Amino acid sequence: MQNFPNTRVAAGYLGRLVKEVYQGFDAKSLSQRVQEVLDKLESLQSKLESKLQELEKNKGTLEKVFLEDEIVSPLHSANVALRQIRLPKIEEEEGGGNNSTVKEDPLINFFITEEIRKYITPKENRIGKINLYGTEKVYNTIGHACVLYKNELQKYMDYDIGSYCDDDWNLAQKLMLNGCDPLPRRRCLTRASKVYQKPYPINESLWKLPDDRNVRWSNYRCRNFDCLQSKNPKRGYTKCTGCFEMEKEKLKWVTNSSLSADFMISDVLKIKPGEIRIGLDYGIGTGTFAARMREQNVTIVSTALNIGAPFNEMIALRGLIPLYVTLNQRLPFFDNTMDLIHSTGLMDGWIDLLLLDFVLYDWDRILRPGGLLWIDRFFCNKKDLDDYMYMFLQLRYKKHKWAISSKSKDEVFLSALLEKPPRAI
């Protein structure tokens, strides 16, 4: 340690060093974790004392089940919890300077469930090698809002490794929709229908309801695809009414409509003949847009959430590609790669303008120069139309189509076909 002229200066130096090293360290979570371990040990002590009194009174012996369930298991749990407490690892800077930094992995002490802690702990490469990403560790990520849903996430991650997961996809989706996204991976086996059947061949599956036996229906109000028909008021979902009725779906984007905001696929593809090959359908549906585009030799990935109905299963069983993402998430595509982005039914007049701004810029990121953005029947209140039109036009895309139609007395539809400019630099 350096020689200081007096102890006050030395104390000041140490105080600054401790503050720097422990800055950002979650002392509250550490304290909670220690308290949890102490509570477990206190409970264990209480059980032992009670059992000893019972044995002295009845002159009995300790049962194996009691030892295993009430003593060994809690003791092991407390031991594991104590050993998993992460304290800041102080590393000296190169050159032997006085400055030190803390290498603390965030959130480790916040969660109780061992499997979550194992997941978010960075995984160092074996034998200190640099991996193909050029890093020394792999960091598994979870959404920042997971800390707000600690109990729900711990329930989701509480399972026996290698055994079957609970049938809890609805809990996972609740976490995702509330910002705990991405979720941690799990080391349990996903359940499937016990009577799963071979899917229909692609020449049949595009326009045929799938076999009911290929869906696990336990977390839905309906128990088969016929129940999902729009005429059933107890179908369990409100968005995309009629999406499970193939005769109605066959009419979309291929037949003329009296509504000027309805564009046909054939008219859109004529604008860029031969250039539209891959794209993203960002909305709520059962994959009909992707099915129609497949008939035009265009590959479309369809975003889907299972809000009240098995939208993901339906899309996949039709032989199409569902992408299970929420509005919270940055799209998992690289920059300038998509020929087309189509959006309908998901983002309407409820969406916050700042959120829409982030979404539009993310679409712009993945859409290639010359790619098309198809806003399909976006609806909002008439008084909000100017705000939303500004949002869609702010990126200065070229207008190919633009139409506004009345939806009701107070609401309007807006459809637009816009082309991303080159922006060469």
Side-chain angles (χ1 to χ4, degrees), residues 167-170 172-173 176-177 190-257 259 262-266 278-326 340 342-346 374 376-377:
D167 188 14
D168 59 355
W169 66 261
N170 51 341
Q173 182 168 278
M176 291 169 60
L177 291 172
T190 299
R191 297 173 184 269
S193 170
K194 295 179 180 179
V195 289
Y196 197 92
Q197 303 297 303
K198 183 171 63 175
Y200 299 131
I202 191 64
N203 60 327
E204 296 179 30
S205 64
L206 283 183
W207 302 107
K208 184 177 181 179
L209 280 177
D211 193 316
D212 295 329
R213 294 172 292 181
N214 287 355
V215 174
R216 290 183 62 86
W217 295 94
S218 58
N219 289 316
Y220 300 111
R221 186 175 296 179
C222 283
R223 292 294 183 267
N224 54 61
F225 283 108
D226 286 337
C227 171
L228 297 171
Q229 305 294 308
S230 59
K231 61 185 179 183
N232 179 13
K234 297 182 179 180
R235 60 186 176 273
Y237 69 99
T238 56
K239 275 284 188 180
C240 198
T241 304
C243 279
F244 293 90
E245 299 168 38
M246 291 296 97
E247 292 306 313
K248 291 182 179 179
E249 291 290 284
K250 285 182 179 179
L251 303 177
K252 292 182 177 179
W253 298 292
V254 293
T255 57
N256 288 315
S257 165
L259 202 65
D262 283 341
F263 301 162
M264 293 177 62
I265 284 177
S266 58
I278 57 173
L280 174 68
D281 183 22
Y282 200 93
I284 292 179
T286 53
T288 294
F289 181 79
R292 282 299 181 201
M293 294 297 273
R294 183 188 178 104
E295 294 172 343
Q296 304 296 323
N297 294 320
V298 179
T299 300
I300 297 291
V301 175
S302 306
T303 65
L305 289 167
N306 286 11
I307 301 178
F311 290 100
N312 277 275
E313 296 97 314
M314 176 71 176
I315 293 171
L317 289 168
R318 291 180 76 177
L320 304 166
I321 306 170
L323 182 64
Y324 192 43
V325 294
T326 69
L340 172 72
H342 172 260
S343 179
T344 186
L346 178 62
W374 182 353
D376 195 353
R377 290 170 61 115

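On a predicted model such as this, the values are computed, not experimentally measured, just so you know.
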J.: Could you check whether any side-chain N or O of D281 sits under 3.5 Å from a backbone N or O of F289, counting only pairs where one atom can act as donor and the other as acceptor?
T.: no
J.: Between CG of L251 and OG of S257, what distance do you get to the nearest 0.5 Å?
T.: 10.5 Å
J.: Between T286 (side chain) and C243 (backbone), is there a donor-acceptor pair under 3.5 Å?
T.: yes
J.: Check whether any side-chain heavy atom of T255 sits under 4.5 Å from a side-chain heavy atom of D262, and report yes or no.
T.: no
J.: Should L206 and L320 count as side-chain neighbours, where that means a heavy-atom distance under 4.5 Å?
T.: yes
J.: For residues 192-207, which residue pairs pass the salt bridge (Lys or Arg N to Asp or Glu O under 4.0 Å) check, not counting sequence neighbours?
T.: E204-K208
J.: With no hydrogens and no angle check, is any side-chain donor or acceptor of D211 less than 3.5 Å from a backbone partner on Q197?
T.: no
J.: Rounded to the nearest 0.5 Å, how far does CD1 of I307 lie from OG1 of T238?
T.: 8.5 Å
J.: I'd like to check the salt bridge (Lys or Arg N to Asp or Glu O under 4.0 Å) partners of E245; sequence neighbours left out, ordered by chain and number.
T.: K248
J.: Going by side-chain contact (heavy atoms from CB on, under 4.5 Å), name the residues that satisfy it together with S266, two or more places apart in sequence or in a different chain.
T.: M264
J.: Between the side chains of W253 and D376, is a donor N or O closer than 3.5 angstrom to an acceptor N or O?
T.: yes
J.: How about E313 and P210: do any of their side-chain heavy atoms sit closer than 4.5 Å?
T.: no
J.: Holding to ring-ring contact (aromatic ring centres under 6.0 Å, His included), I want the full list of residues that pass it with Y200, two or more places apart in sequence or in another chain.
T.: none
J.: Can you list everything that forms a side-chain contact (heavy atoms from CB on, under 4.5 Å) with A309? Sequence neighbours excluded, please.
T.: L228, Y237, F244, F311
J.: Under the salt bridge (Lys or Arg N to Asp or Glu O under 4.0 Å) rule, collect the residues that match up with D168, sequence neighbours excluded.
T.: R186
J.: Contact between L317 and V215 at the side-chain level, heavy atoms closer than 4.5 Å - yes or no?
T.: yes
J.: Report yes if some heavy atom in the side chain of H342 is under 4.5 Å from a heavy atom in the side chain of L280; otherwise report no.
T.: no
J.: Can you name the side-chain contact (heavy atoms from CB on, under 4.5 Å) partners of L346, sequence neighbours left out?
T.: Y282, I284, L327
J.: Donor-acceptor pairs under 3.5 Å, side chain of residues 295-302 to any protein atom, not counting sequence neighbours: which ones?
T.:
| residue | atom | partner | partner atom | Å |
| --- | --- | --- | --- | --- |
| E295 | OE1 | R292 | NH1 | 2.7 |
| E295 | OE2 | W207 | NE1 | 2.9 |
| E295 | OE2 | R292 | NH1 | 3.3 |

J.: Any idea which heavy atoms bring R377 and L259 closest together, and the distance?
T.: NH1-CD2, 3.2 Å
J.: Determine the minimum heavy-atom distance between N232 and C222, stating which atoms define it.
T.: ND2-SG, 4.2 Å
J.: Between atom OG1 of T288 and atom CE of M314, what is the distance when rounded to the nearest 0.5 Å?
T.: 7.0 Å
J.: Restricting to pairs with a member in residues 214-224, which pass salt bridge (Lys or Arg N to Asp or Glu O under 4.0 Å), not counting sequence neighbours?
T.: D167-R216
J.: Go through the structure and list residues passing side-chain hydrogen bond (donor to acceptor under 3.5 Å, both in side chains) with N312, not counting sequence neighbours.
T.: N306
J.: Which label fits Y220 and W169: parallel for a plane angle under 30°, tilted from 30 to 60°, or perpendicular past 60°?
T.: tilted
J.: Taking side-chain hydrogen bond (donor to acceptor under 3.5 Å, both in side chains) as the definition, give me every residue that meets it alongside W374, ordered by chain and number, with sequence neighbours left out.
T.: none
J.: Is there a donor-acceptor pair under 3.5 Å between the side chain of S230 and the backbone N or O of T241?
T.: no
J.: Quick one: are R318 and M246 in side-chain contact, heavy atoms under 4.5 Å?
T.: yes
J.: The criterion is side-chain contact (heavy atoms from CB on, under 4.5 Å); which residues satisfy it with L177, sequence neighbours excluded?
T.: Q173, L305, T326
J.: Can you tell if the side chain of D212 reaches within under 4.5 Å of the side chain of W217, non-hydrogen atoms only?
T.: yes
